[in-house]
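All ligand and atom numbering here is 1-based and tracks the order in the structure.
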Amino acid sequence: MSNKPPYIADGCPDPKLSTLAVHAGEDRLKPGYAITDAIFCAATYTFPDSQAVLDFAEKKLAREEYGRYGNPTEKVAEQKLAALEGGQAAVLYSSGMAAVGGLLLAKLRAGDEIVLFDECYHRTRQFCKQELGKFGIITHQAPACDYDRMEAAINRNTKLLVSESPTNPHLSVVDLARFAELGRKHGVETIIDATLATPYNVRPLEYGIDYVVHSCTKYLAGHNDLLAGVVIGSEEKLAAVRDLRGILGMINAPHNFYLLLRGLKTFELRIRRHNENGQALAEFLASHPRVERVFYPGLPTHRDHEIARRTMRGFGGLLTFQVKDADWRRTADVVDRVRIPRIGPSLGGVESIIEQPSLMSYHNYTEAQRNAMGIHDNMIRVSCGIENPEDLVADLAQALDV
Ligand SMILES: *Cc1c(COP(=O)(O)O)cnc(C)c1O
């Protein structure tokens, strides 16, 4: 197979996002002349003779050797993801958390410090404090989007600034230019987990962010049927990250590369509908008498609406709202009356999903801890799928109408 540049879809000098989603990273002619990429169920790859072994060892021959280091379909998916994000290279992992963990482990050593915005994914915060803490890495947290507090936490040992944007479940939106500038000013690298945004809605590398992370489990694969994660950045910065993944074996399964590629073909179409549904449902909920507050960056009432408007092409399919004068039980009643979204964790798939964060992801925290994190008993999070927006609005309307 050729090693042509991943950005170029054949015959198209300046491919746009949907063209890249369909074609980037793929050879025009594939094994068996199939239009789809093959699934290679191989733990090992063989050589025709010893000269080929030598050529591979001396990096004269780009190919696979052993399944822990790579897979041909994986390379296609990595190149497609890098092209969508506008990055040089991508490293795929078995899950979003494997990507976060793999990146941080590759970049940090004992004595290093990192600063996180406190609305980062709760497992990311837990990994940093509990697991990296065991190896003498110190984690500081600053309130989300409080750039002064983040800057105050930086010292000469600081190696990384980490945030999600938008955050979950509050949908805070980071001013990426300011975040990247903070890193540059102090000689510290920056990581943005842009899972909720996707490269359709925001392109962090264009603002000078060093690493973009996605849980591909969500919008990128998009069908609630696999786990995957990716880190995207420059070839040079990702070399050590890829090496460590090969040592730890956090590689995905052959079938998942195929499913991810299949999901990515419709990436742009899906995200447009997710954006449309998110905006429609957020506007409906904001005007409903039983709704106390809606968190959605596409609403003018959201704290970060101005930044979102400047930096995002759409505002995504995820929204959170609070039910007026409701305890956890009355809030659960609303969730239980909903007919289209299913009850469950996760987000970003074609099927809408609804959940009450205080019962689902945050149940093992005390009420005081939950309140400190802004997770209230009357909160409901909806991941809008790609169903019809009027149907989703009507469904939530009947669920609230008690
Ligand atoms: C789901 C999620 C993760 C973790 O990804 P997995 O694929 O579940 O391991 C990380 N960050 C964000 C923002 C997520 O939503």
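- Of all protein heavy atoms, the one closest to atom 9 (O) of ligand 1 is M97 N, 2.8 Å.
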Exercise. Under the ring-ring contact (aromatic ring centres under 6.0 Å, His included) rule, what do Y147 and F117 come out as? Steps first, then yes or no, please.
Key: CA-CA 9 Å; Y147 305 92; F117 275 149; 5.7 Å; yes
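- Ligand 1 has an N or O atom lying under 3.5 Å from an N or O atom of S215, backbone or side chain.
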Practice problem: Check the pair K265, E26 against salt bridge (charged side-chain N to carboxylate O under 4.0 Å, His left out), reporting the backbone distance first and the verdict last. | Solution: CA-CA 12 Å; K265 297 273 175 180; E26 299 187 21; 2.7 Å; yes
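- Of all the atoms in ligand 1, the ones that sit under 4.0 Å from a non-hydrogen atom of E164 are 13 (C).
- With F47 as the aromatic partner, R63 meets the cation-pi criteria of under 6.0 angstrom to the ring centre and within 45 degrees of the ring axis.
- A tilted orientation is assigned to the rings of H122 and Y362, their planes being inclined by 30° to 60°.
- Given atom 6 (P) of ligand 1, the protein heavy atom at minimum distance is G96 N, 3.3 Å.
- Side-chain N/O atoms of R330 and N378 include no donor and acceptor closer than 3.5 Å.
- Here's the thing with T124: none of its N/O atoms is less than 3.5 angstrom from an N/O atom of ligand 1.
- Among protein heavy atoms, the minimum distance from atom 1 (C) of ligand 1 is reached at K218 NZ, 1.4 Å.
- If you check which protein heavy atom lies closest to atom 12 (C) of ligand 1, you get D193 OD2, 3.4 Å.
- Nearest protein heavy-atom neighbour of atom 4 (C) of ligand 1: Y121 CE2, 3.6 Å.
- Side-chain N/O atoms of E351 and H223 include no donor and acceptor closer than 3.5 Å.
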